[in-house]
**Student:** 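Take this structure, written in structure tokens, and hold onto it; I'll ask about it next.
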2 protein chains.
Amino acid sequence: MPETFPTKPEVARPTMIDVARRAGVGLGTVSRVVNGGHGVRDETAQRVRAAIDELGFQRNEVARALRPGKKSTSLALVLGDLTNPFYATIAKSSLEVAGQSGFAVVLGSVDEDPEGEKRAIQELVSRQVAGLMIVPDQGDHAFLQGAGVPVVFVDRPATGIDADIVMVDNEGGGKLATDHLLAQGHERIAILLAPSYYTIGRRLRGFRRAHRAAGIDVDESLVIQLPEGNAEAAEKATREVMLRADPPTAIFASTNFLTEGVLRALGELGQEPAVVGFDDFRLADMLPTPVTVVASDIAELGRSAARLLLDRASGADTRPPQRIVLPCGLIERGSGERPPRSAGERNPR
Amino acid sequence: MPETFPTKPEVARPTMIDVARRAGVGLGTVSRVVNGGHGVRDETAQRVRAAIDELGFQRNEVARALRPGKKSTSLALVLGDLTNPFYATIAKSSLEVAGQSGFAVVLGSVDEDPEGEKRAIQELVSRQVAGLMIVPDQGDHAFLQGAGVPVVFVDRPATGIDADIVMVDNEGGGKLATDHLLAQGHERIAILLAPSYYTIGRRLRGFRRAHRAAGIDVDESLVIQLPEGNAEAAEKATREVMLRADPPTAIFASTNFLTEGVLRALGELGQEPAVVGFDDFRLADMLPTPVTVVASDIAELGRSAARLLLDRASGADTRPPQRIVLPCGLIERGSGERPPRSAGERNPR
DNA sequence: CTGTTAGCGCGTTCAA
DNA sequence: TTGAACGCGCTAACAG
């Protein structure tokens with residue numbers, strides 16, 4: 001164990017001036033050496049670099065960001081629950097891209113309410129971030145208009161402002177899932193909807209479009225709007241719908257958490273309608289019946305957002321607001337390939 | 001849709017001087033109003049507040065952090081793979097605590113190599129964060145000695161520096177899991193070890209201690225050190241060990257990802273030794289055989305770390321480096337309660 | 001009570 | 001090639 005100093009927090013970090021003094025040169029010279037070192041005699045540069053090493057000097061990024069006109073080298077990321085693998089994946093992948101360009105990522109604290117989101121965003125803006133990546137809540141985002149910072153919305157658009165947006169093909173994914181179930185012969189498909197307005201709405205549109213294309217009417221009593229987006233709500237709703245006189249033969253769960261709740265309920269009921277979920281999740285292939293899902297490359301969602309934002313922040317990209325849509329694919333694992341069974345055939349409780 | 005301005009990024013945000021001019025007061029007065037507004041006549045304060053609203057002024061946190069002696073209002077968080085729910089939980093919970101105190105959390109880009117971690121940390125330090133929360137990699141962290149920033153290590157200690165540390169009772173957890181298996185009558189228990197040095201080592205110690213206490217020898221061929229910490233490595237190792245002439249009757253998987261790999265292999269082999277995992281994970285209760293795990297309150301890990309760091313940063317806490325250890329509990333779900341079966345009884349492939 | 005001023009650490013002029 | 005001086009936005013210390 002090396003020598004341990006008893007808590008010595010007040011060791012002021014050396015500044016450029018310290019380095020200049022140490023090397024016996026002027027401030028400007030140090031600055032030039034630090035940023036590329038053009039126009040400095042080799043010998044002088046050597047001395048400066050030596051002083052830097054000896055003092056353990058590190059450029060102060062905060063002061064640097066104060067420089068007239070320039071922005072900081074950090075991006076902000078505002079999203080919901082990091083505990084949701086979906087968001088965690090976005091965080092991770094955007095972080096990677098930002099890091100490669102020397103940018104840090106600041107996470108705002110994200111409460112549930114839209115008011116909290118606005119507060120968090122303004123906090124971040126006041127920290128002079130170079131750009132914002134936002135997975136927006138429902139509230140109006142017009143207040144970002146004059147923020148003077150480029151914004152990229154992730155996963156869903158926001159109202160009140162026209163900015164870049166990176167998302168997945170929700171409607172296409174909804175149609176894909178539904179087509180798949182219809183192709184197995186299902187005609188009574190329930191869809192469970194989380195209370196998010198945009199993405200879920202699109203998935204529902206895909207659901208309806210698939211039915212229309214197949215010439216089958218949607219039973220509106222099977223379009224189930226949940227009060228909350230968690231597994232518990234889905235579990236409860238699944239139990240209810242499966243205990244009806246005429247239960248569905250298939251279920252389309254519109255988010256990963258809902259899928260979990262559906263499976264939990266079905267496990268308890270001992271019933272086995274076909275199930276397709278939206279968004280893949282860890283262990284989906286290891287459940288008693290491996291789960292068929294519609295999925296997209298979430299990591300790419302985060303990477304695209306970060307790349308786009310970095311280009312906007314640097315001024316390299318001045319195109320009008322872009323709209324990047326990533327495709328969805330179907331991953332067949334078993335639960336979505338079950339054939340329809342009539343009510344009489346199903347196992348009793 | 002509201003009026004949309006075609007990309008107008010060069011709208012300089014208003015400064016305190018702008019507010020001062022607008023309100024017809026001095027700069028200092030504005031500053032006073034912004035920070036609490038003590039010692040300012042009500043009427044003047046009103047005018048200032050009005051000007052602030054009209055201009056949409058927001059305090060520049062960057063400039064604020066430049067103030068002599070003062071630190072910024074952001075903490076840094078350095079950790080591994082956010083895609084691992086374990087890390088994601090730490091991030092979320094520490095973020096919540098920090099946010100409640102008006103602190104933002106900056107995530108450093110985290111590559112795998114220890115060199116990358118050092119770079120990331122120095123990046124963060126150069127951003128003048130008020131404190132660092134680090135889930136350290138193996139490398140030496142002595143370079144943090146003179147950083148002049150409080151540091152809290154999370155989940156495992158680091159070498160080369162004596163700082164606060166918040167972790168779980170790894171050894172106790174290891175013993176708990178092993179005791180449980182021994183209590184079922186298992187005498188040949190395999191343990192799968194991820195290549196992380198500290199936590200895993202402690203869990204192994206608990207494993208050995210439990211054996212010693214029970215008066216049972218550890219078969220060293222069942223102490224399996226994996227080359228990597230992912231599910232694939234665990235899957236491979238499990239397959240190999242279960243196909244031996246004298247396979248174990250129980251397996252202790254030392255991390256959540258390893259547990260996953262173990263179960264995957266067992267599913268393919270059609271064998272059912274008892275299994276206990278370290279750290280709980282989503283869907284553990286929904287697998288074909290619900291998984292028994294040793295778990296601790298990971299969210300509390302993050303919260304404690306953030307709280308401790310905030311107190312250090314504010315100077316409110318000047319105690320010598322603390323060592324907070326959270327307890328582990330056993331969650332019995334089925335896989336860990338299977339009795340031992342002799343090799344002859346196990347199902348053929 | 002309120003206005004003014006001096007830095008904080010750095011990059012960028014402008015001279016020398 | 002190098003040094004000195006100014007300003008970024010803000011707070012604290014000092015006058016008035």
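Numbered from 1 within each chain, the chains take letters A, B, ... in sequence-line order. Fair warning: this is a prediction, and the values are worked out from it, not measured in the lab.
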**Student:** Measure from CZ on Phe57(A) to C1' on dC10(C) and round the result to the nearest Å.
**Tutor:**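 It works out to 8 Å between those atoms.
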**Student:** Going through the distances and angles, do Arg59(A) and Glu61(A) end up as a salt bridge (Lys or Arg N to Asp or Glu O under 4.0 Å)?
**Tutor:** CA-CA 6 Å; Arg59(A) 193 169 54 182; Glu61(A) 283 296 326; 3.4 Å; yes
**Student:** In whole angstrom, what separates Leu66(B)'s CG from dG11(C)'s P?
**Tutor:**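 Distance, rounded to whole Å: 12 Å.
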**Student:** Taking the nucleotide of DNA chain C with the nearest heavy atom to each, does Ala63(B) or Gly28(B) sit closer to the 5' end?
**Tutor:**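 The 5'-side residue here is Gly28(B).
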**Student:** For the pair made of NE2 in His38(A) and P in dT12(C), what is the distance, rounded to whole Å?
**Tutor:**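 For the pair His38(A) NE2 and dT12(C) P, the rounded distance is 12 Å.
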**Student:** Look at all strands and tell whether Val25(B) reaches a base, only sugar-phosphate, or nothing, counting heavy atoms closer than 4.0 Å.
**Tutor:**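 Sugar-phosphate, backbone atoms only, no base.
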**Student:** Using only atom types and a distance under 3.5 Å, with no angle test, would you say the side chain of Thr29(B) pairs donor to acceptor with the backbone of Val25(B)?
**Tutor:**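 Absent.
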**Student:** Hey, which sits more toward the 5' end of DNA chain C by its nearest nucleotide, Gly26(B) or Arg59(A)?
**Tutor:**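 By nearest-heavy-atom nucleotide position, the 5'-most residue is Gly26(B).
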**Student:** Less than 4.0 Å between a side-chain N and a carboxylate O, is that true for Glu54(B) and Arg49(B)?
**Tutor:**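 No, Arg49(B) and Glu54(B) are not salt-bridged.
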**Student:** Is there a side-chain contact between Thr15(A) and the phosphate of dC10(C), meaning an N or O under 4.0 Å from OP1 or OP2?
**Tutor:**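 True: Thr15(A) side-chain N/O within range (under 4.0 Å) of dC10(C) OP1/OP2.
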**Student:** With nearest nucleotides of DNA chain D determined for Val40(A) and Leu27(A) from heavy-atom distances, which residue corresponds to the more 5′ nucleotide?
**Tutor:**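 Here Val40(A) is the residue nearer the 5' end.
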**Student:** What is the distance, rounded to the nearest whole Å, between atom CG of Asn35(A) and atom P of dT12(C)?
**Tutor:**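 My rounded result for the distance is 7 Å.
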**Student:** With a 4.0 Å cut-off on heavy atoms, is Ser31(A) in touch with a base, just the backbone sugar-phosphate, or nothing at all?
**Tutor:**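 It contacts base atoms.
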**Student:** Counting just side-chain N and O atoms, does Arg41(A) come under 4.0 Å of either OP1 or OP2 of dT2(D)?
**Tutor:**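 For dT2(D), OP1 or OP2 has a side-chain N or O of Arg41(A) closer than 4.0 Å.
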**Student:** Report which part of the nucleic acid Val34(A) touches: base, sugar-phosphate, or nothing (heavy-atom distance under 4.0 Å, all strands).
**Tutor:**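 It contacts nothing in the nucleic acid.
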**Student:** So, does Gln128(B) use its side chain to make a donor-acceptor pair with the main chain of Ser72(B) at under 3.5 Å?
**Tutor:**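 No: the side chain of Gln128(B) does not pair with the backbone of Ser72(B).
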**Student:** Measure from CG on Leu55(A) to P on dG9(C) and round the result to the nearest Å.
**Tutor:**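 The answer, rounded to whole Å, is 14 Å.
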**Student:** Any donor and acceptor pair, going by atom type alone, linking the side chain of Asn84(A) with main-chain N or O of Phe86(A) inside 3.5 Å?
**Tutor:**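 Pair found, side chain donor or acceptor close to backbone of Phe86(A).
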**Student:** Taking the side chain of Arg32(A) as heavy atoms from C-beta outward, which of dT2(D), dG3(C), dT11(D) is closest to it?
**Tutor:**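 For Arg32(A), the side-chain atoms sit closest to dT2(D).
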**Student:** If you go through the side-chain atoms of Arg13(A), does one of them form a donor-acceptor pair with the base of dG9(C) closer than 3.5 Å?
**Tutor:**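 No.
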**Student:** Rounded to the Å, how far apart are Asp18(B) CG and dC10(D) C1'?
**Tutor:**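 My rounded result for the distance is 13 Å.
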**Student:** How many Å lie between CG on Asn60(B) and P on dC8(D), as a whole number?
**Tutor:**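 Going from CG in Asn60(B) over to P in dC8(D) covers 12 Å.
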**Student:** Looking at Thr29(A), I'd like to know whether one of its side-chain N or O atoms comes within less than 4.0 Å of OP1 or OP2 on dT2(D).
**Tutor:**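 No, Thr29(A) has no side-chain N/O under 4.0 Å of OP1/OP2 on dT2(D).
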**Student:** Distance check needed: dG3(C) P versus Met16(B) CE, whole Å only.
**Tutor:**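 In whole Å, dG3(C) P lies 14 Å from Met16(B) CE.
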